[in-house]
Amino acid sequence: MEETSEVIRKCHEKAKSMAADGLDLYPNDFKVEHTVADIREYLTENKKDIEDGGPVFILAGRVISIRRFGKAAFFHILDRTGKIQAYIQQNGVGKESYSLFKKIDRGDYVGLKGNLFQTKTGEWSLSAHEFSLVAKAIRPLPEKFHGLKDPEKRYRQRYLDLIMNRNVRDIFLKRGLIVQAFRNFLVERDYCEVETPMMQPIPGGAEAKPFKTYHNALGMELFLRIAPELYLKRLVIGGVDRVFEINRNFRNEGVSTQHNPEFTMLEFYQAYATYEDLMKLTEEMFVFVAKEVLGETTIVYQENEINLNPPWRRMTLYDALTTLGETPPEILDDKEKLTAFATEHSIPLRKSHSRGKILTKLFDVLVEPKLIQPTFITGYPTEISPLSRKSPSDPGLTDRFELFIAGREIANGFSELNDPVDQKERFLQQVADRDAGDEEAHYMDTEYIQALEYGMPPTAGEGVGIDRVVMLLTNAASIREVIFFPHLKTAQKR
RNA sequence: GGGCCGUUAACUCAGCUGGUAGAGUAUCUGCCUUUUAAGCAGAGAGUCGCGCGUUCGAGUCGCGCACGGCCCA
C-alpha cells in the first residue's frame, strides 16, 4: 500500500533511523514470565504485605498510552489478560535504556522487569528497572480517548478494534467460553464430538441456497455445507449414537444484522430420545451455559430482560398463529385464504410456496417478534419438515420444535425420521417442489436413504445457532459484533 | 433489490444559505521525575471516497458509482 500520510512516513523514518543505530526492532529473545493477571492476582492476595516493592515481575505487552515528564514517564501496557500502568525513570533504568524509552511510541511492544508500588492516587503500578523494545510499530494506533469507531474499519481491521475497545475483547472472550460451555455440557452427557464434511456433493439437511465450488483433481462440483445433519445421522447409524459437531455452515444468502454467509452451528443427536427430551435438555443446556458464562440465568438483551429459568413456554404453531398472530383459525387449512391473509399483511409469497411454507412466513412476521421470553413452538407441518418424524396422532404434523428467544429463532430440533421408505417419499416431494421453482427445497440423497435402510435407532436431534446465542449473552445487536471477521465487500482503493 | 444516513488530517469530529479547510488527539521541536484524556510553548500535516455536471467559483448544489451503517424486502 502506497502511503502518502506524513504521520506514517515519519513513523517509518524513525524506525529506520533506530535500526541504523544498530537497534534490533524485532528481537526474539524476551522471555515473558508473568502476565498482568498474575500481578492482579498477587495484589488481591498480598496487597497489604508488600514491602520494598515485593517480588519482581517480568512481563511484555503493547504500550497503549504514555505520559512523559522529561526524565520519567507513566505508561499503560496491554497483554492478553489486561492492562497495567508502568513507571519508568532515568534513575531507575539508566541513561541508555531511558533514551531508548524516549523513542517508544504508543503501539510498540515492550518488555519490562520491575516491582510493584502504589502511586499517589493509589493505583498499583509496575516500576521498571529493566526495559527493552520487543517489537516496533510503524503505524500509529487510533486516538486514545475516542478509540476506533468507524464500523467499517472495526470489522476490516478487527485487530485495532480488539486493541482499542475493551468491550469488543470481552465479547470475543465470552464467545470462546460459550462454545466451551456447550461442549462441556454435551461431553459430560457422553456425547462424542466429531467433524463431518464441509464440502458435500449434495448439500443437505436444511432449506437454503448453497455455495458451489469445484474440486480439480476429482473433476467434480462440490457444495459448501448448509448443514451437517445428514452426515451426523449417518454416524448415529454407525453406532455413534450420542454425537455433536460445532462448526461452520455456509448459506448463499444476504447479509444482515442477523445473518452472515458463514455462521456457527451446534448440531447434536441422541438415540432413544424424543423431541420432548431435547426440549428439556435444551432448557438445562442454556441454563448451564448462562451460568458458566454470566453466572446468572436472567439476561438483559437490548430493551428486554430475559429469564432463562425453566420451564419455558410451549405452544403449537397453530396456537401461536391464532392467538399471538391473530390469524383466523378457520383459514389455517385453506391455502387460498392463507395467501389472501398474507397478502393483506404485505407478505410476499411465491406460487411454489406450500400451505406450510405460508404458515411459517406468516409466523415470521406476526408471531416471531413477540416471542421475547424463551418459547418452544411445536407442531410444524410435515411438508415443511422433510427430515422429521410424523406425529403419531396426526401425520400432517411432525414431532418438531423451534426455540425462540428475543424474537429470533435460536434452535430447531425434532424426533428424526428413521423410516427409509417415508424418507424417500419426502425427498421425492422436495424434488417436486424444486422442479416447481422452490430453490431452497432439499435434494434427493439416495446414499442417505441407503444408510437409513440399514436401520437408524429412534433418535432426536437439534441445531443451535451459536452466533445468535453469543449475541444474546453478550447483548450484541448485530451478528457482526460476535464474528471476528464478518463478510464485507472487497474494498476498492479509497 | 428498495428507503434513509454516512465517507473531510493517522484517529474522533466541526465546517450554516457555494467564496480554495478547522479543532482535539497523534506526530515533530523545546521545558518538565507521581501522571492517568498529564501540563506549558511552538511547528508541520489534507486528491474533503471516486467520476461527471451546474457555476466566475464546489467539502458544500445536481447526477452517477464505490464502500459502510440502520430499516424494509
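Within every chain, numbering begins at 1; the chains are lettered A, B, ... in the order of the sequence lines, protein sequences first and strands thereafter. On a predicted model such as this, the values are computed, not experimentally measured, just so you know.
- Across the interface with RNA chain B, nearest-nucleotide mapping of Leu148(A) and Ala477(A) shows Leu148(A) to be the residue nearer the 5′ end.
- Here the closest heavy-atom approach between residue Pro228(A) and residue Asn249(A) is recorded as CD-OD1, 3.7 Å.
- Listed here is the closest heavy atom pair of Phe376(A) and Thr282(A): CZ-CB, 4.1 Å.
- For residues 463-486 of chain A, the salt bridge (charged side-chain N to carboxylate O under 4.0 Å, His left out) pairs, not counting sequence neighbours, are Arg154(A)-Glu481(A), Arg175(A)-Asp467(A).
- Distance CZ (Phe117(A)) to C1' (rU35(B)): 10 Å, rounded to an integer number of Å.
- For Lys14(A) and rU27(B), the shortest distance from a side-chain N or O to OP1 or OP2 is not below 4.0 Å.
- Between rA10(B) and Ser5(A), a contact under 4.0 Å exists linking OP1 or OP2 to a side-chain N or O.
- His12(A) places its NE2 atom 17 Å from the C1' atom of rA45(B), with the value rounded to the nearest Å.
- Distance NZ (Lys10(A)) to P (rA43(B)): 14 Å, rounded to an integer number of Å.
- Remark: C1' of rG69(B) and NZ of Lys489(A) are 14 Å apart, rounded to the nearest angstrom.
- Here the C1' atom of nucleotide rG44(B) and the CZ atom of Arg9(A) are 10 Å apart, to the nearest Å.
- rG24(B) and rG51(B): their P atoms are spaced 31 Å apart (whole Å).
- Residues satisfying the ring-ring contact (aromatic ring centres under 6.0 Å, His included) criterion with Tyr380(A), sequence neighbours excluded, are absent altogether.
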Short heteroatom pairs, N/O only, protein and nucleotides 71-73 of chain B, under 3.5 Å:
none

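- What separates NZ of Lys102(A) from P of rC28(B) is a distance of 13 Å, to the nearest Å.
- At a threshold of 4.5 Å between non-hydrogen side-chain atoms, the residues Phe101(A) and Ile66(A) count as touching.
- Screening residues 318-339 of chain A for salt bridge (charged side-chain N to carboxylate O under 4.0 Å, His left out), with sequence neighbours left out, gives Asp333(A)-Arg355(A).
- Applying the salt bridge (charged side-chain N to carboxylate O under 4.0 Å, His left out) definition to pairs two or more places apart or across chains, those involving residues 202-213 of chain A are Glu207(A)-Lys357(A), Lys209(A)-Glu439(A).
- Whole-Å rounding puts the Leu141(A) CG to rA26(B) P distance at 12 Å.
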Short heteroatom pairs, N/O only, protein and nucleotides 31-33 of chain B, under 3.5 Å:
unit_1	atom_1	unit_2	atom_2	d
rC32(B)	N3	Gly70(A)	N	3.1
rC32(B)	N4	Gly70(A)	N	3.3
rU33(B)	OP2	Phe69(A)	O	3.4
rU33(B)	O2	Tyr87(A)	OH	3.1
rU33(B)	O2	Gln89(A)	OE1	2.4
rU33(B)	N3	Gln89(A)	OE1	3.2
rU33(B)	O4	Asn91(A)	OD1	2.9
rU33(B)	O4	Asn91(A)	ND2	2.5

**OP:** Please report the C-alpha distance between Lys31(A) and Glu33(A) in whole Å, then the side-chain angles of each, then the deciding distance to 0.1 Å, and finally whether the salt bridge (Lys or Arg N to Asp or Glu O under 4.0 Å) criterion is met.
**Re:** CA-CA 6 Å; Lys31(A) 300 298 174 202; Glu33(A) 291 187 16; over 6 Å; no

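- Dashed line: the shortest gap from a side-chain N or O of Arg480(A) to OP1 or OP2 of rG69(B) is under 4.0 Å.
- Counting non-hydrogen atoms of neighbouring residues, nucleotides and ligands closer than 6.0 angstrom, the NZ atom of Lys16(A) reaches no more than 12 such neighbours.
- Formation of a donor-acceptor pair under 3.5 Å by the Thr382(A) side chain with backbone atoms of Leu397(A) is found in this model.
- Candidate nucleotides rU34(B), rG68(B), rC11(B) were compared by shortest atom distance to the side chain of Lys120(A), and rU34(B) ranks first.
- Atom CZ in Phe75(A) sits about 17 Å away from atom P in rA37(B), given to the nearest Å.
- With distances taken from any side-chain atom of Gln85(A) to the nucleotides rU27(B), rU35(B), rC70(B), the minimum falls on rU35(B).
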